[in-house]
Protein chains: 2
Amino acid sequence: MQAKKRLSEAVMRRLPRYLRYFTELKENGITKISSSELGEKMGMTASQIRQDFSYFGGFGQQGYGYSVEVLYDSMKRILLKEQGFTVIIIGAGNLGTALAKYNNFHKRGFDIIGIFDINPKLIGKTINGTEIMSIDRLEDFIAQHETDIAILSLPRSETKAIAARVANAGVKGLFNFSPMDLKLPHEIPIENVHLSDSLMVLGYKIKNFQEEK
Amino acid sequence: MQAKKRLSEAVMRRLPRYLRYFTELKENGITKISSSELGEKMGMTASQIRQDFSYFGGFGQQGYGYSVEVLYDSMKRILLKEQGFTVIIIGAGNLGTALAKYNNFHKRGFDIIGIFDINPKLIGKTINGTEIMSIDRLEDFIAQHETDIAILSLPRSETKAIAARVANAGVKGLFNFSPMDLKLPHEIPIENVHLSDSLMVLGYKIKNFQEEK
DNA sequence: TAGATTGTTAATCGATTAACAATC
DNA sequence: TAGATTGTTAATCGATTAACAATC
């Protein structure tokens, strides 16, 4: 076991997928697995799996394989925070509302503690027990409730300004749904979900898949 | 100008981002740009941009740079279909409804021609002018309306079976929102949007970003 | 102990960057 | 024509795969 170089982006993006598979194995009562069995299941090489795990010092035992329990616990510890992450949603439109009601976030340890909108008609209503507040109360709320993540489900035109406000107020990371590359002066981690981009990639693949036949 | 080897996945995934920037340049009335200026704007090297474009034979003129008009038209032609893509949404829950109302898909040439659900209370209602139909009519509808893409915004437990049904019925690609890796017997292009995975990546980045300071 | 499978080092493959000749 | 900037070839970098010694 040894400390290795900084985890690469490629490996990091595979971690949630590992966690999904470990959860499934656990639920199915499987207690041990080898890198080659896991590779078969996940559609990747055994070598890559062992290489990935070695970034964390390795989770297995030579000659035996991996304990699913150890895999699951280790990956959870690596990816999640003990107390969970606190999340606010800014923009209670269709998408914001859908995300507020999306149960998988909560299951994974992401707790929605506040929702904000500019529309007076929405303010005061609740979604899944969380109140929609005026965007004016944003800084105030963040000052009073430690907030890890702000989900930005806003019109493109509003996104940059609101992103700067929450970053200044002390939010630690942004989950952005606007079709733009968000860059901030005050540097914090940002994850962009570009739905139209993904759909266009699919469209391109379809066009090419057809042509190949 | 020459036909080159098959476009790599990495380059392909950058194409929608190029299109976004070309659209913006056009809207701002900029008519020409060099690879170094574009690289600066997009946060990538001029070399990578020229290399990427060369997969399509190159869009520029030596000594001059690139015509924004040419860039925009070329990328649109590469990514989109003349008549647009036809899309159905399966699952009219919170997420499905939000996607049906999401204007950016339509702007990019993806037209929602049908919505399906199993819930009798929803059937017959319309979202943005599109009727919600019973899932029983799925095969029937696809047979009558050429359907490029099915968006799957369904419970995890339903996803696999419905995916197989639409693939069999002749849909050409799947846009899957369930937190699972969809594999089908009948091989067609699939794009997965794993929102929880992305959020976990953000969580991991936040944890590490904090530690580094 | 013998067999199995890891963790790690080495080899390969692919993607990005640098350099430069071609040419507008 | 001279200057600029492309398209492309070569060099570098990083990620994946293969091989194998360590060891349970």
Side-chain angles (χ1 to χ4, degrees), chain A residues 1-18 21-22 25 30-75 78 201 204, chain B residues 1-18 21-22 25 30-75 78 201 204:
Chain A
M1 202 180 291
Q2 54 150 331
K4 280 204 33 174
K5 56 182 180 278
R6 195 176 142 68
L7 194 71
S8 79
E9 181 84 10
V11 176
M12 188 194 63
R13 293 205 167 268
R14 283 196 287 271
L15 301 183
R17 190 149 167 273
Y18 282 126
Y21 277 87
F22 299 164
L25 288 169
I30 294 164
T31 56
K32 69 157 281 199
I33 195 163
S34 69
S35 57
S36 55
E37 289 168 315
L38 186 59
E40 179 106 1
K41 225 179 165 55
M42 297 185 66
M44 52 200 292
T45 64
S47 193
Q48 182 168 57
I49 287 171
R50 295 203 300 277
Q51 190 71 268
D52 282 0
F53 293 178
S54 81
Y55 276 90
F56 304 98
F59 304 137
Q61 219 172 339
Q62 276 128 324
Y64 173 82
Y66 300 93
S67 147
V68 171
E69 190 76 20
V70 169
L71 288 177
Y72 176 82
D73 290 346
S74 305
M75 198 52 73
I78 288 163
V201 166
Y204 179 86
Chain B
M1 204 180 288
Q2 54 149 331
K4 280 197 41 164
K5 56 181 180 275
R6 196 177 139 69
L7 194 72
S8 78
E9 180 84 11
V11 176
M12 188 194 61
R13 294 205 167 270
R14 283 195 285 269
L15 301 183
R17 190 150 167 272
Y18 282 126
Y21 277 87
F22 299 164
L25 288 169
I30 293 163
T31 57
K32 68 157 281 197
I33 195 164
S34 69
S35 57
S36 55
E37 289 168 315
L38 185 59
E40 178 107 0
K41 224 179 166 54
M42 296 185 68
M44 52 200 293
T45 63
S47 194
Q48 182 167 58
I49 287 172
R50 294 203 302 277
Q51 190 71 268
D52 283 359
F53 292 178
S54 81
Y55 275 90
F56 304 98
F59 303 137
Q61 220 170 340
Q62 276 128 323
Y64 173 82
Y66 300 93
S67 147
V68 171
E69 190 77 18
V70 170
L71 288 177
Y72 177 81
D73 290 346
S74 305
M75 198 51 74
I78 289 163
V201 166
Y204 179 86

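Below, read A as the first sequence line, B as the second, and so on, with proteins coming before strands; counting in each chain starts at 1. Keep in mind it's a predicted model, so treat the numbers as computed, not measured.
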Spacing between [X] atom [atom1] and [N] atom [atom2], to the nearest angstrom:
X	N	atom1	atom2	value
A/Glu9	C/dA15	CD	P	16 Å
B/Ile33	D/dT6	CD1	P	10 Å
A/Phe56	C/dG7	CZ	C1'	15 Å
A/Ile49	C/dT5	CD1	P	14 Å
A/Met42	D/dT17	CE	P	13 Å
A/Arg14	D/dT17	CZ	C1'	12 Å
B/Leu38	D/dT5	CG	P	14 Å
A/Leu71	C/dT6	CG	P	10 Å

Between [N] and [X], is there an OP1 or OP2 to side-chain N/O distance shorter than 4.0 Å?
X	N	answer
A/Arg6	D/dG14	no
B/Tyr66	D/dG7	yes
B/Arg13	C/dA15	no
B/Tyr55	C/dA15	no
B/Gln48	C/dT16	yes

### Message
Quick test of your reading of the model: are B/Lys41 and B/Glu37 salt-bridged, counting only N-O distances below 4.0 Å?
### Response
no

### Message
Using only atom types and a distance under 3.5 Å, with no angle test, would you say the side chain of B/Lys32 pairs donor to acceptor with the backbone of B/Tyr64?
### Response
yes

### Message
I'd like to know if the side chain of B/Arg14 and the backbone of B/Asp52 have a donor-acceptor N/O pair within less than 3.5 Å.
### Response
no

Sugar-phosphate, base or nothing in reach of [X], heavy atoms under 4.0 Å:
X	value
B/Phe53	nothing
B/Ser34	sugar-phosphate
B/Ser35	sugar-phosphate
B/Ser47	base

### Task
Starting from the C-alpha separation in whole Å, work towards a yes-or-no answer on side-chain contact (heavy atoms from CB on, under 4.5 Å) for A/Leu7 and A/Phe56.
CA-CA 9 Å; A/Leu7 194 71; A/Phe56 304 98; 3.8 Å; yes

### Query
Mind checking whether B/Phe53 and B/Phe59 have parallel, tilted or perpendicular rings, split at 30° and 60°?
tilted

### Query
Taking N and O atoms by type only, does the side chain of B/Gln51 place a donor or acceptor under 3.5 Å from a partner on the base of D/dT6?
no

### Query
Is any side-chain N or O of A/Gln62 under 3.5 Å from a base N or O of C/dT6, one able to act as donor and the other as acceptor?
yes

### Query
Relative to the 5' end of DNA chain D, which residue comes earlier, B/Gln61 or A/Met44, by the nucleotide with the nearest heavy atom?
B/Gln61

### Query
For C/dA18, which nucleotide in any strand shown is its Watson-Crick or wobble partner with both distances under 3.5 Å?
D/dT9

### Task
Tell which nucleotide pairs with D/dA4, taking only Watson-Crick or G-U wobble pairs whose two distances are both under 3.5 angstrom.
C/dT23

### Task
Among D/dT6, D/dT16, C/dG7, find the nucleotide with the atom closest to the side chain of A/Arg50.
C/dG7

### Message
Please compare A/Gly60 and B/Val11 by the position of their nearest nucleotide in DNA chain C and report the one closer to 5'.
### Response
A/Gly60

### Task
Report yes or no: do A/Gln48 and A/Thr45 form a side-chain donor-acceptor pair below 3.5 Å?
no

